[in-house]
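Only one structure is covered here, and it is reproduced in the block below.
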Amino acid sequence: MYADLIVKNIGNLITMGEGKKPRVGNEMNKVEIIKDGYIVIKDGIFLDLGQGEVDKKYIGGSTLIKDAMGLTVTPGLIDPHTHLVHGGSRENEFSKKLEGVSYMDILNAGGGILSTVNSTRQASFEELYRKAKKSLDIMLSYGVTTVEAKSGYGLDIETELKQLEVAKKLNKDHPIDLVSTYLGAHALPPEYKDKRDQFIDLIIKTLPIIKEKNLAEFCDVFCEEGVFSIDETRNILNAAKKLGFKLKIHADEIATLGGAELSAELKAFSADHLMAASEKGMEDMSKAGVIADILPSTSFNLNKDYACARLMIEKGLAVALSTDYNPGSSPTENLQLAMQLGSLKLKMTPKEVITAVTINSAYSVDRGNKIGSITKGKKADFVIFDTPNLEYIMYHFGINHTKDVYKNGIQVVKDGKVIY
Ligand code: IZC
Ligand code: ZN
């Protein structure tokens with residue numbers, strides 16, 4: 001069978017192997033690298049891969065042959081935790097933050113998430129679409145080919161649906177694949193200030209509407225001291241699970257509430273943040289197969305402690321990394337920065353980092369059978385990095401190393417510029 005595309009002369013081809021399950025514990029550091037590798041693509045799928053000369057049987061008709069000139073190739077990167085669709089920005093809170101006012105104090109004074117809720121309620125569908133599309137283009141230019149996107153800036157049915165509809169349309173229109181998450185439990189809106197239970201009822205009543213319109217695959221809760229308690233989180237997520245939603249939790253970000261333990265109890269796909277997770281919580285997650293999604297650019301931006309990635313890996317967890325792109329605690333689309341902080345601050349090896357943003361992040365959004373590794377039969381999503389090896393991506397920090405990006409076998413970034 002003739003190939004559509006062959007990429008040859010790959011200096012370091014990082015495949016992530018068979019990619020049949022997330023990599024846990026010390027498996028994260030066992031990354032096979034093919035020197036002088038090639039990949040063969042047909043109909044948007046990896047048909048073959050190997051070392052050295054490409055088999056002639058693949059070349060004929062209109063086969064395109066690309067010379068990777070000794071550079072580094074990885075699977076397309078996956079960002080499994082973002083608050084992509086939102087209105088406005090929060091630079092007006094920046095000076096307060098620099099003076100040391102905490103994230104929670106800003107929220108409790110009616111700013112933070114609630115400020116973005118106001119902007120998102122006021123924004124039209126087109127405004128939200130344009131802003132999120134611009135962010136997706138930046139993400140794509142950094143080598144990201146799949147993105148999880150949460151709602152949570154409506155806190156009313158109409159605006160939550162508007163956010164999710166924007167994500168649905170972008171999933172159709174943009175090369176990046178989006179995985180949608182309903183985060184109705186992101187904050188208590190002012191109109192429900194003394195009516196917590198009624199707000200939780202509203203979230204639970206919204207679930208079947210979202211299910212019926214097929215607007216989200218996952219449900220998530222911001223489980224945090226002063227936001228939603230463990231019991232409230234359990235109620236909401238159990239209701240979601242009954243309707244067939246997959247689960248994620250913003251867990252143990254600031255206070256050690258037991259979100260990690262709850263994620264294990266509920267068999268969530270991931271527990272995210274975990275800066276304050278207990279050791280018992282990590283052990284529970286490891287036993288239950290919950291992926292630890294760590295967001296180091298949030299720690300960096302809030303000037304907070306970093307999650308204990310080394311301990312999590314020691315305890316046999318599968319770690320993923322994401323940007324947490326949002327207008328408050330992580331206003332950046334740059335997943336390569338999260339990777340660099342993963343090495344520099346979380347002390348993850350470059351091999352652990354690439355595992356975290358490919359195969360493990362694929363499983364944390366339940367796409368492990370289709371993406372996350374350069375494996376025969378998986379989607380031909382891959383990145384050519386303008387670096388001589390994997391280590392260089394983490395070593396030379398703060399810049400974009402992407403040269404070319406391919407989505408379903410089609411080139412969408414050329415020399416760092418989006419071209420789709
Ligand atoms: O807009 O502040 N942590 N939710 C929980 C966020 C950060 C997003 C925001
Ligand atoms: Zn978040």
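Numbering of ligands and ligand atoms starts at 1, following listing order. In this chain, numbering begins with 1 at the start of the sequence shown.
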Sub-4.0 Å atoms of ligand 1 with respect to non-hydrogen atoms of [X]:
| X | result |
| --- | --- |
| Y153 | 1 (O), 8 (C), 9 (C) |
| F222 | 5 (C) |
| R90 | 1 (O), 2 (O), 9 (C) |
| I113 | 1 (O), 2 (O), 4 (N), 9 (C) |
| S329 | 7 (C) |
| N326 | 1 (O), 2 (O), 7 (C), 8 (C), 9 (C) |
| Y103 | 2 (O), 3 (N), 4 (N), 5 (C), 6 (C), 7 (C), 8 (C), 9 (C) |

Please work out which of the three classes, parallel, tilted or perpendicular, describes the rings of H250 and H81, given edges at 30° and 60°. perpendicular

With heavy atoms under 4.0 Å as the rule, classify the contact between H186 and ligand 1 as side chain, backbone, both or neither. side chain

Please confirm whether G112 approaches ligand 1 to less than 4.0 Å, judged on its heavy atoms. no

Ion pair [X]/[Y], N-O distance below 4.0 Å:
| X | Y | answer |
| --- | --- | --- |
| D293 | K248 | no |
| E18 | R23 | no |
| D404 | K414 | no |

For the residue pair T323 / T332, report whether a side-chain donor-acceptor contact shorter than 3.5 Å exists. no

Side-chain donor-acceptor contact under 3.5 Å, D79 with T82: no

Would H401 and Y395 count as a close aromatic pair, with their ring centres under 6.0 Å? no

State yes or no: are the ring centers of F382 and Y406 separated by less than 6.0 Å? yes

Geometric N/O contact [X] with ligand 1, under 3.5 angstrom:
| X | value |
| --- | --- |
| T116 | no |
| H250 | no |
| H273 | no |

Restricting to N, O or S atoms of D324, which is nearest to the Zn ion (ligand 2)? OD1

Residue H250 atom name (nearest to the Zn ion (ligand 2); N/O/S): NE2

Tell me whether the Zn ion (ligand 2) has H273 as a neighbour, meaning an N, O or S atom of it below 2.8 Å. no

If only atom types and distance count, is the side chain of Q163 paired as donor or acceptor with the main-chain N or O of E160 below 3.5 Å? no

Assess K97 against F94: is NZ or CZ under 6.0 Å from the centre of the six-membered ring, and within 45 degrees of the ring's axis? no

